[in-house]
2 protein chains.
Amino acid sequence: MIRVLLADDENLVRSAFAALLGLEDDLEVVAQASSGAEALAMARAHTPDVAVLDLQMPDRDGISVAGELTTLLPGCGLVIVTGHGRPGHLKRALEAGVRGFLPKTVSAAVLSDVVRTVHRGGRYVDPELAAEAISAGDSPLTPREADVLELAAGGAPVEEIAVRAHLSPGTVRNHLSAASAKLGAPNRHAAVDTARRHGWI
Amino acid sequence: MIRVLLADDENLVRSAFAALLGLEDDLEVVAQASSGAEALAMARAHTPDVAVLDLQMPDRDGISVAGELTTLLPGCGLVIVTGHGRPGHLKRALEAGVRGFLPKTVSAAVLSDVVRTVHRGGRYVDPELAAEAISAGDSPLTPREADVLELAAGGAPVEEIAVRAHLSPGTVRNHLSAASAKLGAPNRHAAVDTARRHGWI
DNA sequence: CACCACCCATGACACGTGTCACCGCCCGTC
DNA sequence: GACGGGCGGTGACACGTGTCATGGGTGGTG
C-alpha cells in the first residue's frame, strides 16, 4: 500500500484527486493539506511515501515545499502537479528533488501511474513540458534583472520600482532595458509577459 | 438519476470530478468534454440534465457555452466552476442563464449538492463571490474602452493597438486614458490589471 | 595581476505615452 | 427640437520611458 499526501489549495480539486486515487487498490490518501505550511505539518505527522503537491498555493510555492520535504523526509517521493506548466518551474522543481512533474491536462490514468513510478524511485516528466524546457533553456536574466522585472510586473512606474528596490531610477531603467533586449521584447511589459511564460520570474 | 455533462480542458481535473460525482448514488456522468465546442456537441448528443462547465477553456469561455446551451437545451441546469472567481464573470454568467456558480476552493460536498439544487430548479452562488460582486458593481467602462483595454493587455504599443482596432492612435490613447481614470489606475498597464481582477475584460 | 561579468549610478537624447481642449457624428431620450 | 452620452478624430504639451555612452566598485577566474 502506497501512502499518499495531497496538497492543493483548491478544496474541490484536492478532494476530487483523493476520490480518483482512492479508486486504486494499492494507493491510500493518508493526509490532505490546503496550503504549503499545512503540507509540511501533515508530512511530519503522517510520514507519507509520496507527496503530490500543487505548484500554486497561497502561502508558498509547491517547489519550496518540495525542497524542504527532501531534507525532512528523504525517502518521500515528490510529485508536482500544475495547471500551467512553465519550463522554468520544471527546472527549479527538479533541482529541488522532485521526481514527478505533470500538467493537469494529462489523462487520469497518468496520475496514479506516476505516483507508483515515483514510489519505486523512478522519474516522470511530462514529455511536452520537457521539450519546452530544453528548447527554452536557462534564464538569460541576471538575478538583479529578474528582481526588477518582477517588481515591474504590476505595471508600476519606474519611480516606484526604484523605491521598492532601493535603486536609482536610472539603474532601474538600465536593468529593464537590458532585460527587454535579452528577451527580445519591445518594452518591459511584453518582457514581463515573456519572462512569466518561461517561468523565469 | 441525474445525468451530468462535465466540461474542463484539464483532463486530470475533469476525470477527478467524474470520480467524485460517481461516488454519489443519484448522479451519473454521461458525457465529458475538454473544450467548449466539444461540450456543445456532447450536449446535443446526450441531452444531460445538468452541465458542469469550467470557466476557462482554450477555445471559448464557459459562459458563452452556457449562453448557447440555454437556447439549445432549455431544461438543462447550468453550473460554472472556476479557479479564480472574478465578480464580473459571476454577473455575466447569471445573465447567460447559469444557476450555479462556485470557485474550486469550496469543499467537495458542495459540488454534488449544487448539482442537485440546480437540477431541482434552484440556484447556488458562492456567498463570498456574491459579496464581492455586489461591492464591485458594474463595469464603469464603455464597450469600446473595454475593447481597447483588452488589446492593450499584452503590453503592445499604442500604434499596434490602433491597427488592430482599426482606430487612430490618438483615439486609442483617449480611450485608454479614460479607462485608466475610471479605474483609478496610474497607467494603462495597472488599469489592465484592475479590469482583469474585476472580470471586466 | 589582468580580465570579465555583474552591479550601481549619472547624464543626455529620442520617442512613446498620458492628459487636455476641442472638433464633428450618430443615436436615444426628455 | 434640444440635450446628453458614446464614438472617432486632431493637435499640443508635459512627462515617463527606452536607449546609449560612460564610469566606478566588486568578486571570481585564468
Side-chain angles (χ1 to χ4, degrees), chain A residues 88 91-92 95 136-201, chain B residues 88 91-92 95 136-201:
Chain A
K91 187 178 160 53
R92 295 215 318 265
E95 283 165 359
D138 276 15
S139 168
L141 303 176
T142 67
R144 212 64 180 135
E145 284 164 3
D147 284 352
V148 174
L149 201 56
E150 175 95 56
L151 288 171
V158 170
E159 192 59 47
E160 189 184 322
I161 302 173
V163 172
R164 297 214 286 169
H166 307 292
L167 290 175
S168 101
T171 304
V172 170
R173 292 195 296 179
N174 284 340
H175 281 311
L176 289 175
S177 182
S180 299
K182 284 177 180 176
L183 271 55
N187 57 50
R188 62 187 152 132
H189 306 288
V192 165
D193 218 61
T194 308
R196 263 207 219 289
R197 268 206 314 282
H198 287 71
W200 290 334
I201 61 169
Chain B
K91 188 177 158 57
R92 295 213 320 265
E95 283 165 359
D138 276 16
S139 168
L141 304 176
T142 67
R144 213 64 182 135
E145 284 164 3
D147 284 352
V148 174
L149 201 56
E150 175 95 56
L151 288 171
V158 170
E159 192 59 48
E160 190 184 322
I161 302 173
V163 173
R164 296 214 287 168
H166 306 291
L167 290 176
S168 101
T171 304
V172 170
R173 292 197 295 180
N174 284 341
H175 281 310
L176 289 176
S177 182
S180 298
K182 284 177 181 176
L183 269 54
N187 57 52
R188 61 186 152 136
H189 305 290
V192 165
D193 218 60
T194 308
R196 264 207 218 290
R197 268 206 315 282
H198 287 71
W200 290 334
I201 60 169

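Note that the structure is a prediction, hence the values are computed from the model and not measured. By convention in this document, chain letters (A, B, ...) are assigned in the order of the sequence lines, proteins followed by strands, and residues within each chain are numbered from 1.
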Can you name the residues that form a side-chain hydrogen bond (donor to acceptor under 3.5 Å, both in side chains) with N187(B), not counting sequence neighbours? none
I need the minimum non-hydrogen distance between V148(A) and L167(A), along with the two atoms involved. CG2-CD1, 4.1 Å
Side chain to side chain donor-acceptor pair (under 3.5 Å) pairs touching residues 167-183 of chain B, sequence neighbours excluded, are E145(B)-K182(B), S168(B)-T171(B)
Please determine whether a side-chain nitrogen of the Lys or Arg among D147(A) and R144(A) lies less than 4.0 Å from a carboxylate oxygen of the Asp or Glu. yes
Using atom names, set out every protein N or O paired with an N or O of nucleotides 24-26 of chain D below 3.5 Å, distance rounded to 0.1 Å.
none

Inter- and intrachain pairs under ring pair (Phe, Tyr, Trp, His ring centres under 6.0 Å), touching residues 176-196 of chain A, at least two apart: H189(A)-H189(B)
How many angstroms lie between CH2 in W200(B) and CG in L183(B), if you round to the nearest 0.5 Å? 5.5 Å
What closest approach, in Å, do L176(B) and A152(B) show between heavy atoms, and which atom pair accounts for it? CD2-CB, 4.1 Å
For side-chain contact (heavy atoms from CB on, under 4.5 Å), just list the numbers for L151(A) and V172(A), CA-CA rounded to whole Å, side-chain angles, deciding distance to a tenth of an Å, and then say yes or no. CA-CA 10 Å; L151(A) 288 171; V172(A) 170; over 6 Å; no
Pull out every residue in residues 158-191 of chain B that has a heavy atom closer than 4.0 Å to any atom of DNA chain C, ordered by number, or say none. V158(B), R173(B), N174(B), S177(B), N187(B), R188(B)
Between C1' on dG6(D) and CG on L141(B), what's the gap in Å once rounded to a whole number? 13 Å
Bounded by its outermost nucleotides with an atom under 4.0 Å from a heavy atom of chain A, the footprint on DNA chain C reads dC6(C) to dA12(C)
Considering all heavy atoms of both residues, which atom of E159(B) and which atom of P169(B) are nearest to each other, and what is their separation? OE1-CG, 3.8 Å
Correct closest heavy-atom pair for I201(B) and V192(B) would be CD1-O, 4.1 Å
